[in-house]
There are 2 protein chains.
Amino acid sequence: MSLRHALLAALSQGEASGYELAKRFDVAVADYWTATPQQLYRDLERLEQDGLVEARVVEQTRRPNKRVFTMTEKGLEELRAFGRRPSKPPAMRDELLVKLQAADRTGEPETLIEAARARLTRSKEKLARYEQLRERLLDGRTEDDYLGDSDEVGPYLTLMAGREYEQLNIRWAQTVIETLTRRRQGPEAG
Amino acid sequence: MSLRHALLAALSQGEASGYELAKRFDVAVADYWTATPQQLYRDLERLEQDGLVEARVVEQTRRPNKRVFTMTEKGLEELRAFGRRPSKPPAMRDELLVKLQAADRTGEPETLIEAARARLTRSKEKLARYEQLRERLLDGRTEDDYLGDSDEVGPYLTLMAGREYEQLNIRWAQTVIETLTRRRQGPEAG
DNA sequence: CCCCTATACTCAACAAATTGAATAGGTGCG
DNA sequence: CGCACCTATTCAATTTGTTGAGTATAGGGG
């Protein structure tokens with residue numbers, strides 16, 4: 001049950017509704033924790049039952065009302081306890097890599113090139129959003145100044161990880177596309 | 001049910017027993033698909049029932065007998081079909097990043113520095129194993145030669161991704177450690 | 001000879017994630 | 001004025017993943 005902690009960490013950045021969290025998870029957090037909206041709503045429910053978050057309904061005129069969640073003191077305690085426990089090794093699932101692993105047996109390099117192109121596009125989009133977020137966080141300062149002075153380094157360090165991860169993806173996807181294209185055009189070896 | 005495909009992809013590199021696959025998943029595959037041995041055994045069972053893999057018992061004198069699994073033609077077909085379907089976006093879960101995200105609220109930078117050190121060690125170990133595997137694959141050739149000529153590019157391209165990912169982790173963990181250490185020692189800003 | 005480690009699995013119970021559908025008001029486009 | 005899309009959420013069913021224990025053989029070290 002670890003999405004709980006990812007949710008608490010997200011709420012530690014400020015209160016939010018389930019819907020807002022779903023977007024936050026898609027924009028800023030997605031490179032280190034993945035979850036669907038359904039999961040978020042369910043776990044927010046449980047967090048509330050356990051007293052780790054509190055909900056209040058915010059009436060809205062031009063759109064449906066929403067329930068805004070705030071982390072409680074007990075929630076912060078739970079986050080601290082979580083911080084002290086040893087971390088599980090990171091878990092990753094990447095279908096594109098699975099397909100590539102089997103590429104030499106399955107043939108059909110075209111479909112793989114297409115898949116790599118899709119990854120390239122996606123990673124460029126994610127990177128662009130991360131860059132925006134970065135500009136907003138830095139707010140004119142240099143990275144070094146920010147890391148030394150600011151009272152908010154956590155989100156910047158995680159953003160750094162996501163940013164570099166997408167940069168890696170872009171470079172890597174380009175290599176994959178080039179390699180597979182080159183081999184398809186001139187397979188005069190063997 | 002996607003571990004199925006990761007398993008088939010692993011078996012496309014050659015037959016293996018559940019136990020051997022468990023090790024393969026720990027060494028070469030872990031950066032793009034994570035699974036516990038129990039999961040592997042259960043899903044191999046199902047793959048066998050569905051006729052996507054075949055098992056045969058290999059008698060061993062000096063150790064317990066093992067069941068060695070081979071991908072069937074039907075399994076290869078399933079892999080091909082999987083290759084043609086659009087890929088799900090990669091999913092990732094990283095507790096260290098969650099802890100870092102909340103770092104400014106939880107305080108206790110020491111525990112986080114420790115956690116980052118653990119990540120650094122782990123990534124260095126993984127990288128070392130990847131480098132070994134790389135040498136074995138390249139077998140004297142340059143990367144460029146290999147990518148152009150070899151009849152096995154898939155495993156190399158996935159290895160490349162894992163290698164660069166661990167290199168990124170190492171650089172990043174060092175930045176985290178330095179940043180948190182610097183701030184703990186001289187927090188003379190406000 | 002005993003204990004530890006490695007090989008090679010199996011079983012059961014539980015927790016978590018995925019999928020698909022459903023509801024319901026508001027906004028914007030042609 | 002109809003259709004698609006956005007906000008905002010809920011429900012149910014099924015599939016996956018995790019945890020912990022348990023079985024059995026063999027080799028090596030002290």
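Residue numbers start from 1 in every chain, and the chains themselves are labelled A, B, ... in the order their sequence lines are given, proteins ahead of strands. As the structure is a computational prediction, the values presented were derived from the model and not from experiment.
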Should B/Lys66 be listed as having a side-chain N or O under 4.0 Å from OP1 or OP2 of C/dT10? no
So the salt bridge (charged side-chain N to carboxylate O under 4.0 Å, His left out) pairs with at least one residue in residues 163-180 of chain B (sequence neighbours excluded) are A/Glu164-B/Arg171, A/Arg171-B/Glu164, B/Glu131-B/Arg163
Here the distance between atom C1' of C/dA8 and atom CZ of B/Phe69, to the nearest Å, is 11 Å
Between CH2 of B/Trp33 and C1' of D/dG17 the distance, given in whole Å, is 12 Å
Q) Within the structure, does a side-chain N or O atom of B/Lys23 lie under 4.0 Å from either OP1 or OP2 of C/dC9? A) no
Got a list of protein N/O to nucleotides 24-26 of chain C N/O distances below 3.5 Å?
residue	atom	partner	partner atom	Å
C/dG26	O3'	A/Arg62	O	3.2

Between OH of A/Tyr41 and C1' of D/dA12 the distance, given in whole Å, is 17 Å
When rounded to whole Å, the CG to P distance for the pair A/Asp43 and D/dT10 reads 13 Å
Per atom distances to the B/Tyr19 side chain, the nearest of C/dA17, D/dA8, C/dA8 is C/dA8
Atom CG of B/Leu21 and atom C1' of C/dC9 are separated, to the nearest Å, by 13 Å
Separation of C/dA8 atom P from B/Glu15 atom CD, nearest Å, is 13 Å
Does a side-chain N or O of B/Ser17 approach OP1 or OP2 of C/dT7 to a distance below 4.0 Å, or not? no
When rounded to whole Å, the CG to P distance for the pair B/Leu40 and D/dG17 reads 10 Å
A/Arg93 CZ to D/dT18 C1', in whole Å, measures 11 Å
Closer than 4.0 angstrom, basic N to acidic O: yes or no for B/Asp149 and B/Arg141?
no
Assert: residue with more 5' nearest nucleotide on DNA chain C, out of A/Gln38 and B/Arg42, is B/Arg42
task: May I ask you to say what B/Glu20 touches in the nucleic acid, namely base, sugar-phosphate or nothing, with a heavy-atom cut-off under 4.0 Å?
output: nothing
Output for pair (B/Arg93 CZ, A/Tyr32 OH), nearest 0.5 Å, gives 13.0 Å
List the steps and the verdict of salt bridge (Lys or Arg N to Asp or Glu O under 4.0 Å) for B/Glu95 and A/Arg85. CA-CA 10 Å; B/Glu95 293 195 350; A/Arg85 291 200 287 274; over 6 Å; no
Are the charged groups of A/Arg80 and A/Glu77 less than 4.0 angstrom apart, N to O?
yes
Regarding the side chain of A/Thr36, the nearest nucleotide among C/dT18, D/dT18, C/dT7 is C/dT18
Polar side-chain atom of B/Arg134 near backbone of B/Met160 as donor-acceptor pair, under 3.5 Å: no
The ring pair (Phe, Tyr, Trp, His ring centres under 6.0 Å) partners of A/Tyr41 (sequence neighbours excluded) come to none
